[in-house]
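Keep in mind that this is a model prediction, so the values were computed, not measured. Only heavy atoms go into these numbers, but all of them, side chains included; no hydrogens, no water, no symmetry mates.
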Amino acid sequence: MIGIARGIAAPDQTSTGIGFAIPSNIVAKIVRELISNGEYKRGWLGLSVTAAVDAQDGSATQPPGLIVNELACNSPAERQGVRLGDVITGLDDRAFSTEQAFRNAISLLPANARITLDVRRGETSQKLGMTLSER
């Protein structure tokens with residue numbers, strides 16, 4: 001039996017510690033990488049997001065999405081065209097309603113993974129193809 005520890009975010013301090021339940025398909029991918037390379041390198045995009053409704057007045061009149069509120073200098077996101085204030089509406093055609101869900105999706109991808117971000121900038125929507133890097 002193999003256990004892979006994954007931290008649990010506890011913003012309200014109701015649960016702290018380590019969770020050990022992750023899907024077997026994720027474990028299999030990580031184990032293959034460990035066997036072939038001796039390590040698993042997670043992908044890094046280099047940005048932080050805030051839910052669009054949280055960033056405004058709390059109303060739901062805004063279309064759903066995650067507003068880019070921080071960009072790491074020389075990060076994959078910055079180098080490949082993401083700008084502060086962009087609204088991410090999807091990652092590989094999947095929508096995310098929370099920052100945590102988006103962050104988890106990125107963290108489960110390996111370094112050098114190719115992704116497509118659906119981005120709204122003002123009234124214009126576009127798809128940005130990018131490659132994750134190591135942190």
Asks: Taking all non-hydrogen atoms of both residues, which atom of Q80 and which atom of G129 are closest, and how far apart?
Replies: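 Between these two residues, the closest heavy atoms are OE1-O, 4.0 Å.
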Asks: Atom CD1 in I30, atom OH in Y40: separation rounded to 0.5 Å?
Replies: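 It is 5.0 Å, given to the nearest 0.5 Å.
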Asks: For S75 versus G46, what's the shortest heavy-atom pair and its separation?
Replies: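 Smallest interatomic distance, heavy atoms only, reads OG-O, 3.3 Å.
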Asks: With R114, which residues qualify under side chain to side chain donor-acceptor pair (under 3.5 Å), at least two apart?
Replies: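 Partners of R114 by the side chain to side chain donor-acceptor pair (under 3.5 Å) criterion, ordered by chain and then number, come out as T131.
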Asks: Taking only residues two or more places apart in sequence or in another chain, which ones pass salt bridge (charged side-chain N to carboxylate O under 4.0 Å, His left out) with E39?
Replies: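 Applying salt bridge (charged side-chain N to carboxylate O under 4.0 Å, His left out) to E39 gives K41.
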Asks: Which heavy atom of S97 sits nearest to which heavy atom of A51, and what is that distance?
Replies: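 For S97 versus A51, the nearest heavy atoms are O-CB, 4.1 Å.
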Asks: Minimum heavy-atom separation for P64 to R120, with atom names?
Replies: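 So the two residues come closest at O-NH1, 3.8 Å.
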Asks: Donor-acceptor check, side chain of D86 to backbone of R83, threshold 3.5 angstrom: yes or no?
Replies: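 Checked: pair present.
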Asks: Using the test side-chain contact (heavy atoms from CB on, under 4.5 Å), find all partners of D93 that sit at least two apart in sequence or belong to another chain.
Replies: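 D93: side-chain contact (heavy atoms from CB on, under 4.5 Å) contacts with D118, K127.
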Asks: Enter the distance from S48:OG to R103:CZ here, rounded to the nearest 0.5 Å.
Replies: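 Answer rounded to 0.5 Å: 7.5 Å.
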Asks: Among residues at least two apart in sequence or on other chains, which ones pass salt bridge (charged side-chain N to carboxylate O under 4.0 Å, His left out) with E70?
Replies: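 With sequence neighbours excluded, E70 shows a salt bridge (charged side-chain N to carboxylate O under 4.0 Å, His left out) to no residue whatsoever.
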Asks: Remaining members of L71's ILVMFWY cluster at a side-chain heavy-atom cut-off under 4.5 Å?
Replies: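 Its cluster partners, ordered by chain and number, are L45, L47, V49, L66, V68, V82, L84, I88, L91, F96, F102, I106, L109, I115, L117, V119, L128, M130, L132.
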Asks: Does R79, at its CZ atom, have more than 12 non-hydrogen atoms belonging to other residues, nucleotides or ligands within less than 6.0 Å?
Replies: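 Enclosed: over 12 neighbouring heavy atoms sit under 6.0 Å from CZ of R79.
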Asks: Rounded to the nearest 0.5 Å, how far does CZ of R42 lie from OG of S107?
Replies: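 Rounded to the nearest 0.5 Å, the OG-CZ separation comes to 5.0 Å.
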Asks: Taking side-chain contact (heavy atoms from CB on, under 4.5 Å) as the test, write out the residues that go with R135, two or more places apart.
Replies: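 R135 satisfies side-chain contact (heavy atoms from CB on, under 4.5 Å) with W44 only.
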